[in-house]
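It should be emphasised that the depicted structure is a prediction, and the values quoted were computed from it without experimental measurement. Atoms within each ligand, like the ligands themselves, are counted from 1 in listed order.
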Amino acid sequence: MLQKPKGTYDIYGDKALTYLYFRKIAKALMDKYNAKFIETPIFESSELFHRGVGETTDIVSKETYDFKDRGDRNLTLRPEGTAGIVRCFIENKLYVENLPLKTWYLGPMFRYERPQAGRYREFYQFGVEAFGSNDPMMDAEIIGMACNLFKILGLKGVSVNINTLGDKESRENYRKALLDYFKPYLNDLCEDCQRRYEKNPLRILDCKVDSSNEIMKDAPKILDYLNEESKKHFDKVKEYLDAMNIDYKVNPNIVRGLDYYTHTVFEVQADIKGFGAQSTLAAGGRYDHLVEFIGGPSVPGVGFALGLERLFLALDAEKIDIREVVCPDVYIFSAGENQKTNVLALANDLRMAGFNTEVDYDSKNFKSNFKRADKVMAKYIIIIGEEEVNTKILTVKNNETKEEYKVELDKLIEFLDEKIGDEDED
Ligand code: HAM
């Protein structure tokens, strides 16, 4: 039997209901922030990610799905959403009339990682990218957005780890300090870090292999290398987070696995039973030069993304059920083979009038039809036989109370509106 590729999964049943409900909640919250939905291609030119995410990052150097198409173009399945949104922002000149602009997206991303709980090769990210303001207010608003999403979903103990990478000048000073510090230890670092030392020493701090190495503990901290401007920005972000009652902690070890960040970087956590290291649910930061770097004007940005898989594991662990079960309002079946035309025509009318309607296709007996109506949890049942067609009077049965009503065909929609409308208002 053919099977799905390693590190992928199917979305069906309960998972599909959870996924759809999450989309609904996320959209409703995004509307509250006046954030606009954007969908970008699942594959883009490889160059976009190599430039945007950074050559020295693990994502680009080890995890991208790169391929050539039949026209010999170098393409990559998107490993994250930010670079594509920035490309779309530039290519469609969204900066001309729309700034400041908040955008959001939801879709599959691809990274060739070792699959484990909450970590897949095809995974879904919900993300936000906001453009057009240097003000720390935007950093804080975006962090608040991520926290609010988790709170709305019912997660407890939502808190943020924040750090700053400072502006270009601060980062350059810090880079020099790191080069000086790691120089005598170069041979103690893993091969990747020796390469990172040359290209981007900040990445060494993010290395999974060397993270337990003693020399990491005393490595210089960015907070000691910030210039006044960067310090001010970071202080303001904290002040705004305080104003929104957001629980945060400064963690100087957060450098994040992507190259584009400046100033604020953050990770959002929640208290999840039995989760430990996986309690990070969302991550993001400010990227003041990415738009320019990818070929656009100088427009600053801030954003975050969360993985749906980890979020759903967290909701499961906390026994939070966000499925939205949708059932048919009406189940119609035919008493006999020759009423199928009438069944289908009535179902069509009811659906166009706004009722969820399910039909029987196989003219099974009454018993199996009642059984199926129960299984799909239909609210009302209508049986169409010769008599109903001749008299144009239908028997409509409430499938819960078992009450039966005689309803004229012409008045059916009015009847259902009254009955089902009433229930929906309860
Ligand atoms: P990231 O930290 O690489 O950032 O990913 C964000 C989130 O995506 C992670 O916190 C995690 O929940 C989820 N994630 C990442 N890899 C996997 C995987 N293999 N399986 C399941 N979930 C995963 C970014 O992607 C940035 N684009 C975030 C951002 C947006 N920064 C600014 N704007």
>> Classify the ring geometry of Phe67 against Phe43: parallel below 30°, tilted from 30° to 60°, perpendicular beyond 60°.
In response: perpendicular
Dump the pairs for me: ligand 1 N or O, protein N or O, distance under 3.5 Å, to 0.1 Å.
| unit_1 | atom_1 | unit_2 | atom_2 | d |
| --- | --- | --- | --- | --- |
| ligand 1 | 2 (O) | Arg256 | NH1 | 3.1 |
| ligand 1 | 2 (O) | Arg256 | NH2 | 2.9 |
| ligand 1 | 3 (O) | Arg111 | NH1 | 3.0 |
| ligand 1 | 3 (O) | Arg111 | NH2 | 2.9 |
| ligand 1 | 4 (O) | Arg256 | NH2 | 3.0 |
| ligand 1 | 5 (O) | Gln125 | NE2 | 3.3 |
| ligand 1 | 8 (O) | Gln125 | NE2 | 3.1 |
| ligand 1 | 12 (O) | Gly307 | N | 3.1 |
| ligand 1 | 16 (N) | Arg111 | NH1 | 3.4 |
| ligand 1 | 19 (N) | Glu113 | OE2 | 2.6 |
| ligand 1 | 19 (N) | Tyr120 | O | 2.8 |
| ligand 1 | 20 (N) | Tyr120 | N | 3.0 |
| ligand 1 | 25 (O) | Arg111 | NH2 | 3.1 |
| ligand 1 | 25 (O) | Gln125 | NE2 | 3.0 |
| ligand 1 | 27 (N) | Glu80 | OE1 | 2.6 |
| ligand 1 | 27 (N) | Thr82 | OG1 | 2.8 |
| ligand 1 | 27 (N) | Tyr260 | OH | 2.9 |
| ligand 1 | 31 (N) | Tyr261 | OH | 2.7 |
| ligand 1 | 33 (N) | Thr82 | OG1 | 3.2 |
| ligand 1 | 33 (N) | Glu129 | OE1 | 2.8 |
| ligand 1 | 33 (N) | Glu129 | OE2 | 3.1 |
| ligand 1 | 33 (N) | Phe304 | N | 3.3 |

All N/O donor-acceptor pairs, side-chain side in residues 128-146, below 3.5 Å, sequence neighbours left out:
| unit_1 | atom_1 | unit_2 | atom_2 | d |
| --- | --- | --- | --- | --- |
| Glu129 | OE1 | Tyr287 | OH | 2.6 |
| Glu129 | OE2 | Thr82 | OG1 | 2.9 |
| Glu129 | OE2 | Tyr105 | OH | 2.6 |
| Ser133 | OG | Asp135 | N | 3.0 |
| Asp135 | OD1 | Met137 | N | 2.8 |
| Asp139 | OD1 | Arg286 | NE | 3.0 |
| Asp139 | OD1 | Arg286 | NH2 | 2.7 |
| Asp139 | OD2 | His233 | NE2 | 3.0 |
| Asp139 | OD2 | Thr264 | OG1 | 2.6 |
| Asp139 | OD2 | Arg286 | NE | 3.0 |
| Glu141 | OE1 | Lys102 | NZ | 3.4 |
| Glu141 | OE2 | Lys102 | NZ | 3.3 |

> Under 4.0 Å between a Lys/Arg side-chain N and an Asp/Glu carboxylate O for Arg195 and Glu198?
Replying inline: no
>> Holding to ring-ring contact (aromatic ring centres under 6.0 Å, His included), I want the full list of residues that pass it with Phe293, two or more places apart in sequence or in another chain.
In response: none
> If you take all heavy atoms of Val343 and Ser334, which pair is closest and at what distance?
Replying inline: CG2-CB, 3.4 Å
> Does any pair with a residue in residues 137-156 pass ring-ring contact (aromatic ring centres under 6.0 Å, His included), and if so which ones, sequence neighbours excluded?
Replying inline: none
